[in-house]
Number of protein chains: 2
Amino acid sequence: MNLTELKAIQLAELFSALSDASRVRIISLLIEGEMSVSALAEGLKMTESAVSHQLRGLRQMRIVRARKEGRQVFYSLEDEHVQKLYSMGLDHVEYG
Amino acid sequence: MNLTELKAIQLAELFSALSDASRVRIISLLIEGEMSVSALAEGLKMTESAVSHQLRGLRQMRIVRARKEGRQVFYSLEDEHVQKLYSMGLDHVEYG
DNA sequence: ATAATATATGAACACTTGCTCATATATTCA
DNA sequence: TGAATATATGAGCAAGTGTTCATATATTAT
């Protein structure tokens, strides 16, 4: 297949989105529907700042999308690709 | 789904296997069949030491398997899970 | 306007990661 | 046995990551 270095880097970046337990947990919540930063922070027992920092990275990778409503910002998954990767990975961890 | 912290960590570890361009390229070569450390090093233009260090990590994550033959060690993918993650990720990068 | 609330951001720091270089181990060959 | 070859490993280091803490920005309520 002779993967180009560029694509190797892009692939690595994509998988990096799920290479941290906090981000995995954020995504696992967003799979169930959109959530505000503070709701995520409470659900994950993380500070809002830490969640916000992670969301920023996920936003830049186009993994999540932000929707502002008043002073809250609701995040949701950008598309179904990451969700598919997530569930395939979970299968591997659970029954692999 | 209420992902446990343990599973979040395991998932993150699994995706970490593919979160670095060198490892992605190693895996992309191993998808085509088993290879010795030196063949990988040459194909990837990496030192054998660097390749060996990465293979060690992949071995510990049970992503690759080692088969010794004389003084060479041939590596191959442990199962098809990672290959599936890889090709799904590649789809996303190429047409996503 | 002022205060309160929700989120974002930057700096700082501890921790991790991936490499190089030197060295060790194992195997084959002379 | 000793030299050569293939791989593995440990130390050290530069670069990257994820958090906290302080502060900034935006929005709403009084």
Side-chain angles (χ1 to χ4, degrees), chain A residues 3 5 8-30 33-76 78, chain B residues 3 5-6 8-30 34-76 78:
Chain A
L3 193 66
E5 177 66 11
I9 291 171
Q10 292 176 326
L11 258 178
E13 279 173 356
L14 170 62
F15 287 111
S16 295
L18 288 152
S19 71
D20 169 80
S22 295
R23 284 191 298 277
V24 164
R25 291 163 72 228
I26 286 173
I27 288 165
S28 84
L29 285 185
L30 294 183
E34 73 172 8
M35 274 207 198
S36 70
V37 177
S38 48
L40 283 167
E42 192 187 342
L44 301 172
K45 303 246 164 67
M46 287 173 65
T47 67
E48 293 170 12
S49 178
V51 171
S52 184
H53 275 296
Q54 292 292 4
L55 287 169
R56 183 189 206 209
L58 292 170
R59 222 166 49 220
Q60 284 170 348
M61 296 188 230
R62 303 198 185 279
I63 304 273
V64 302
R65 168 199 312 132
R67 179 179 70 81
K68 193 162 184 177
E69 185 178 319
R71 51 192 149 186
Q72 298 190 88
V73 178
F74 291 91
Y75 281 86
S76 54
E78 181 85 49
Chain B
L3 192 66
E5 176 66 11
L6 173 62
I9 291 172
Q10 292 175 327
L11 258 178
E13 279 172 357
L14 170 63
F15 287 111
S16 296
L18 287 153
S19 72
D20 169 79
S22 295
R23 284 191 297 276
V24 164
R25 290 163 74 229
I26 287 173
I27 288 165
S28 84
L29 285 184
L30 294 184
E34 71 172 10
M35 275 207 196
S36 69
V37 177
S38 48
L40 284 167
E42 192 187 343
L44 301 171
K45 303 245 165 65
M46 287 173 66
T47 67
E48 294 171 11
S49 178
V51 171
S52 186
H53 275 296
Q54 291 292 6
L55 287 170
R56 183 189 206 210
L58 291 171
R59 224 167 48 221
Q60 285 170 348
M61 294 188 231
R62 305 200 184 275
I63 303 273
V64 301
R65 167 200 311 134
R67 179 179 68 81
K68 193 162 186 177
E69 185 178 320
R71 51 191 148 186
Q72 300 189 88
V73 178
F74 291 91
Y75 281 86
S76 55
E78 181 86 50

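To find a chain, count down the sequence lines: A is the first, B the second, and so on, and within it residues start at 1.
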Describe the nucleic acid contact of Y75(B) in one word from base, sugar-phosphate, nothing, applying a heavy-atom distance below 4.0 Å. sugar-phosphate

Of the options dT7(D), dT27(C), dT7(C), whose atoms approach the side-chain atoms of Q72(B) most closely? dT7(D)

Strictly below 4.0 Å: does K68(B) bring a side-chain N or O up to OP1 or OP2 of dT27(C)? yes

Closest non-hydrogen contact found for A17(B) with R23(B) is O-NE, 3.1 Å

Within residues 54-67 of chain B: residues closer than 4.0 Å to DNA chain D (heavy atoms): R56(B), R59(B)

Between the base of dT7(C) and the side chain of H53(A), is there any donor-acceptor pair under 3.5 Å? no

Can you see if the side chain of S36(A) gets near the phosphate of dA6(C) - specifically, an N or O under 4.0 Å from OP1 or OP2? no

Which residues in residues 9-24 of chain A have at least one heavy atom lying under 4.0 Å from any atom of DNA chain D? D20(A), S22(A), R23(A)

Does the dT9(C) base have a donor-acceptor partner in the side chain of S49(A) within less than 3.5 Å? yes

Regarding dT19(D), can its base be found pairing with the side chain of T47(A) as donor and acceptor, where the two atoms are less than 3.5 Å apart? no

What integer distance in Å separates F74(A):CZ from dA6(C):P? 11 Å

If you check the R71(B) side chain, which of dT19(D), dA4(D), dT7(D) turns out closest? dA4(D)

